[in-house]
Amino acid sequence: MIHAIKGMRDILPPETALWRRLEDQAREVFRLYGFGEIRTPVLESTELFSRAVGAETDIVGKEMFTFQDRDDSSLSLRPEATASVVRAYVEHRLWERPGLTRLYYQGPMFRRERPQKGRYRQFSQIGAEVLGSGEPGVDYELLEMLSLLIARCGVRAELRLNSIGCPADRGRYHQALRAALEPVIGGMCADCQRRMHTNPLRILDCKVPADQPIIAALPTIEEFLDAPCREHFAELRRLLDAGGIAYELAPRLVRGLDYYNRTAFEFVSGALGAQNALLGGGRYDGLARALGAPASPASIDQAIGFALGEDRWILAMQADAGATGEEPLDVCVIPVGAAMTAPALALARQVRAAGFAAIVGDGARKLGKQLEIAAREGARFAVLVGEQEAVQGRLILRDLAAGEQREIPAVQLAEHLAPAREVAR
Ligand code: HAM
């Protein structure tokens with residue numbers, strides 16, 4: 001037997017209906033906030049990710065599916081989509097279009113992580129990016145939009161918020177981190193020992209349990225923020241308070257990608273266990289220029305976005321909202337005898353035209369067997385199409401939940417089905 005590749009999986013009904021519900025809700029919320037959809041390729045040059053996400057991150061350093069193409073160029077399956085969106089923004093000079101660039105995307109991402117509940121090697125993200133403004137109001141609106149999506153899906157999630165300042169702030173912070181780490185680094189994991197020299201901020205993102213007490217005692221970035229970064233963060237917090245959006249300050253939240261500046265955030269769920277980040281995002285001023293955008297005006301280079309993990313979001317919808325995705329089947333049309341198959345198929349067509357979900361039984365089987373199958377398929381009603389009734393323009397309608405049946409005029413079928421469907425949905 002051939003199995004799906006490790007960490008990659010099939011998503012089957014009824015769960016797929018939950019995915020569609022999430023994607024429909026997200027599209028509707030994005031529409032309300034003026035976003036348009038972007039679709040980018042799943043394969044990009046490896047250099048895009050090493051430059052944008054950072055060669056020193058786990059994502060690029062350890063987790064990408066990378067291969068040499070026949071012309072020897074190095075290609076990677078995208079581990080995330082912000083790099084691709086910014087590449088497209090630069091490639092198509094999207095800042096030349098009027099207004100802010102507000103883009104959303106949905107699709108598969110690939111990271112060669114150790115699979116566990118909520119963590120897969122192929123997973124799906126829904127994300128959105130706003131390019132062309134550094135205003136805290138834009139940060140606020142993105143978080144407000146996310147709160148709306150969370151409410152509409154019935155999931156429970158808490159916002160954790162930090163500011164990681166600008167590169168100069170982080171330069172000062174790195175020095176302080178190195179000084180604090182100097183006496184203890186020998187006891188930390190090999191990755192942290194390397195990160196101490198390459199990018200000490202990454203140490204805050206280390207997941208090794210034994211390193212956590214050391215990390216908890218390290219200085220936080222807050223006191224190293226310069227005045228403009230401090231003011232940006234203060235204004236965002238004022239707006240969140242005014243908008244009634246609750247958050248928790250998370251001074252050690254640094255995110256696992258190198259492009260972030262200033263605002264960094266995650267929404268975490270209590271229902272998910274170890275992989276509890278439902279979504280993450282932040283500001284990434286400077287990335288567009290690093291990928292070739294012009295230096296002025298400065299706003300070209302200012303941007304913020306997020307991505308949510310659909311796989312995890314679905315787990316949260318199941319846990320928090322009790323959602324199953326089961327879609328009720330309204331009717332099983334049962335031909336009583338093989339001769340009634342054609343009239344049963346015609347009736348099913350009419351029933352579907354009236355908006356009811358219908359399947360047709362197998363006239364070669366006994367009536368009792370067909371009723372059994374109808375119940376197993378979850379049909380609310382069975383409609384029996386018998387020879388004698390057909391001649392009289394009548395049908396037998398059987399309520400499978402109540403176990404009752406009655407004869408009705410065929411023309412009244414839709415009326416008899418309608419109230420029951422309202423109850424079922
Ligand atoms: P990220 O935090 O790496 O950020 O991923 C965002 C979300 O994707 C996570 O919070 C999680 O829900 C989901 N996710 C990540 N890895 C996996 C996995 N292996 N299995 C299942 N779900 C996963 C980004 O990707 C940034 N591009 C977000 C962003 C957009 N920042 C600015 N704009």
Side-chain angles (χ1 to χ4, degrees), residues 6-9 11 19 22 26 35 38 40 44 48-49 52-54 57-65 77-89 101-131 138-139 142-143 145-146 149-150 155 157-160 162 164 202 205 207 250 253-269 271-288 302-317:
K6 185 176 177 191
M8 306 199 177
R9 63 203 183 114
I11 297 164
W19 286 70
L22 162 59
F35 284 71
I38 182 168
T40 63
E44 298 268 8
L48 172 65
F49 302 113
V53 177
T57 59
D58 281 354
I59 295 175
V60 170
K62 301 181 187 170
E63 297 169 358
M64 285 205 300
F65 287 92
L77 281 170
R78 62 179 181 192
E80 62 104 54
T82 307
S84 303
V85 171
V86 178
R87 178 200 47 69
Y89 174 73
T101 306
R102 294 188 190 82
L103 299 169
Y104 78 86
Y105 54 84
Q106 182 280 328
M109 309 293 156
F110 303 85
R111 295 184 193 175
R112 209 172 184 296
E113 296 191 79
R114 198 168 47 76
Q116 64 178 92
K117 183 184 171 202
R119 189 166 69 191
Y120 309 100
R121 290 184 171 181
Q122 175 174 334
F123 58 99
S124 288
Q125 286 186 343
I126 296 176
E129 317 286 349
V130 185
L131 300 111
V138 173
D139 304 30
L142 198 75
L143 293 169
M145 180 170 83
L146 281 168
L149 182 61
I150 286 168
V155 301
E158 278 165 31
L159 170 57
R160 303 178 67 231
N162 194 18
I164 59 165
R202 288 268 73 83
D205 213 30
K207 301 288 183 292
L253 176 73
V254 293
R255 311 270 304 120
L257 305 92
D258 278 352
Y259 48 58
Y260 289 113
N261 281 285
R262 295 191 168 175
T263 312
F265 60 86
E266 282 180 356
F267 276 87
V268 294
S269 157
L272 292 189
Q275 301 305 318
N276 66 350
L278 275 183
L279 69 88
R283 192 158 263 297
Y284 49 92
D285 302 341
L287 181 56
Q302 295 173 324
I304 183 166
F306 77 89
L308 69 82
E310 291 192 78
D311 305 73
R312 293 183 193 174
W313 196 282
I314 298 301
L315 288 170
M317 278 169 78

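All ligand and atom numbering here is 1-based and tracks the order in the structure. When reading the values below, keep in mind they use all heavy atoms of this one structure, side chains included, and skip hydrogens, waters and symmetry mates.
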>> Distance check, rounded to the nearest 0.5 Å: Gln125 atom CD versus Met109 atom CE?
In response: 4.5 Å

Could you tell me whether [X] approaches ligand 1 through its side chain, its backbone, both or neither, with non-hydrogen atoms closer than 4.0 Å?
X: Gln125; result: side chain
X: Glu129; result: side chain
X: Leu278; result: backbone
X: Arg255; result: side chain
X: Tyr259; result: side chain
X: Phe306; result: backbone
X: Arg119; result: both

> Do the side chain of Lys207 and the main chain of Asp205 share a donor and acceptor less than 3.5 angstrom apart?
Replying inline: yes

>> For the CD atom on Gln122, are there more than 12 heavy atoms of other groups (residues, nucleotides or ligands in this structure) within a distance under 6.0 Å?
In response: yes

>> Using a 6.0 Å cut-off, check whether atom CZ of Arg119 has over 12 heavy atoms from anything other than its own residue.
In response: yes

Heavy-atom contact check, 4.0 Å cutoff: does [X] meet ligand 1?
X: Phe267; answer: no
X: Gly118; answer: yes
X: Gly281; answer: yes
X: Gln275; answer: no

Given side chains that start at C-beta, do those of [X] and [Y] come closer than 4.5 Å, heavy atoms only?
X: Ile11; Y: Trp19; value: yes
X: Tyr104; Y: Val85; value: no
X: Tyr260; Y: Asn162; value: no
X: Met145; Y: Phe306; value: yes

> What protein heavy atom sits nearest atom 20 (N) of ligand 1, and how far away is it?
Replying inline: Tyr120 N, 3.0 Å

> Should the pair Asp311-Arg9 be classified as a salt bridge under the 4.0 Å nitrogen-to-oxygen rule?
Replying inline: yes

>> Quick check: Tyr105 and ligand 1, any N/O pair under 3.5 Å apart?
In response: no

>> Please check whether Gly309 reaches ligand 1 - meaning an N/O of the residue sits under 3.5 Å from an N/O of the ligand, judged on distance alone.
In response: yes

> For Thr101 and Tyr89, does a side-chain donor sit closer than 3.5 Å to a side-chain acceptor?
Replying inline: no

> Where the closest heavy atom to atom 9 (C) of ligand 1 is concerned, which of Ala277, Ser124, Gly7 has it?
Replying inline: Ala277

